Amino acid sequence: MKALVIYDSVFGNTEKIARAIAESLGSLAHVEILRADQVVPEQLTGIDLLVVGSPTRGFRPTEAVTGLLKRIQPKTLKGVKVAAFDTRFNADELDSAGLRFLVKTGGYAAKRIADQLKKVGGNLILPPEGFYVEDTEGPLKAGEIERASRWAVSILDAP
Ligand SMILES: Cc1cc2nc3c(=O)[nH]c(=O)nc-3n(C[C@H](O)[C@H](O)[C@H](O)COP(=O)(O)O)c2cc1C
């Protein structure tokens, strides 16, 4: 199986999650990991599994991820298993009620990534997943790297 993990990261937290996922997938797949701004859409052919992740910034993925997803031609991911993740605040822990409301109702990057991957033919094998940071620049909440590794195993187990 050929797998590709694509991510973006401003402060390094999403990169850590992406690396944990790639490492876990590596037990059963040939895995390549690339930053979104290094990817050309041609690299998305001939793969069996594509995992895309981004920090959530203003309820959506970064420009690099959004731009890449927009450049993928229709049907490119037909027959390819896809999964999406993001990093985000835990809205329940935000001090301001207004901000809590905004973050919750605004949504997160992973769902938008998943929708776009499906739009170009991808077969979404797991619901979009979010991993939590303590604060804007991190660190990741305790246990999130391990949860990402387990999530990747569940990708491999998915039918
Ligand atoms: C400009 C900006 C906008 C953000 N918007 C959101 C948001 O809408 N929802 C959320 O949960 N977190 C938001 N965050 C927190 C980021 O998700 C957090 O910085 C990110 O997970 C860190 O990942 P990185 O280290 O890979 O960049 C925002 C952070 C910044 C700096």
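Ligands are counted one by one from 1 in listed order, and the atoms in each one are counted from 1 as well. Fair warning: this is a prediction, and the values are worked out from it, not measured in the lab.
Considering each of Thr136, Thr62, Thr56, Val103, the one bringing a non-hydrogen atom nearest atom 14 (N) of ligand 1 is Thr56. If you check each of Tyr132, Phe11, Phe59, Phe89 against atom 11 (O) of ligand 1, the one with the closest non-hydrogen atom is Phe89.
Close contacts of ligand 1 with Pro55, meaning ligand atoms under 4.0 Å from a residue heavy atom, involve 20 (C), 23 (O), 26 (O), 27 (O). If you number the atoms of ligand 1 from 1 as listed, the ones under 4.0 Å from a heavy atom of Tyr108 come out as 11 (O). Of all the atoms in ligand 1, the ones that sit under 4.0 Å from a non-hydrogen atom of Val133 are 21 (O). With ligand atoms numbered from 1 in the order given, ligand 1 contributes 11 (O), 17 (O), 21 (O) to contacts under 4.0 Å with heavy atoms of Arg88. Atoms of ligand 1 found under 4.0 Å from any heavy atom of Thr14 (numbered from 1 in listed order, with element): 23 (O), 24 (P), 26 (O).
Side-chain atoms of Gln43 come within 3.5 Å of backbone atoms of Val40 as a donor-acceptor pair (strictly under, hydrogens ignored). Side chain of Thr14 to main chain of Ser9: no donor-acceptor pair is present (N/O by atom type, distance under 3.5 Å, no hydrogens or angles). Of the possible polar contacts, one joining the Asp48 side chain to the Lys2 backbone as a donor-acceptor pair under 3.5 Å is found. With hydrogens and angles ignored, the 3.5 Å screen pairs a side-chain donor or acceptor of Ser54 with a backbone N or O of Thr62. Side-chain atoms of Arg100 come within 3.5 Å of backbone atoms of Leu94 as a donor-acceptor pair (strictly under, hydrogens ignored). One N or O on the side chain of Asn90 and one on the backbone of Asp92 form a donor-acceptor pair closer than 3.5 Å.
Ligand 1 has no atom lying under 4.0 Å from any heavy atom of Gly138. Within the structure, ligand 1 lacks Phe131 among the residues with a heavy atom less than 4.0 angstrom away. Put simply, part of Gly58 is less than 4.0 Å from ligand 1, judged by heavy atoms.
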Next on the checklist: If you apply the rule salt bridge (Lys or Arg N to Asp or Glu O under 4.0 Å), what do you find for Asp86 with Lys111, and how did you get there?
Outcome noted: CA-CA 9 Å; Asp86 62 45; Lys111 164 93 166 57; over 6 Å; no

Checklist entry - For Ile145 and Lys16, what are the C-alpha separation, side-chain angles and deciding distance, and is it a side chain to side chain contact (heavy atoms under 4.5 Å, CB included)? => result CA-CA 7 Å; Ile145 296 267; Lys16 284 184 185 148; 3.7 Å; yes

Checklist entry - Could you go step by step and tell me if Glu15 and Arg19 meet the salt bridge (Lys or Arg N to Asp or Glu O under 4.0 Å) rule? => result CA-CA 6 Å; Glu15 177 167 10; Arg19 292 203 177 281; 3.0 Å; yes

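Looking at ligand 1, you'll find an N or O of Ser9 within less than 3.5 Å of one of its N or O atoms. Considering backbone and side-chain atoms alike, Gly107 places every N or O at 3.5 Å or more from each N or O of ligand 1. Between Asp8 and ligand 1, not a single N/O pair is under 3.5 Å apart.
Residues Pro61 and Arg112 have side chains in contact (heavy-atom distance under 4.5 Å, counting atoms from C-beta outward).
Asn13 ND2, 2.6 Å is the protein heavy atom nearest to atom 25 (O) of ligand 1. In terms of protein heavy-atom proximity, atom 2 (C) of ligand 1 is nearest to Arg57 NE, 3.9 Å.
Residue contacts with ligand 1 for Thr87 involve both N, CA, C or O and side-chain atoms from C-beta outward (heavy atoms, distance under 4.0 Å).
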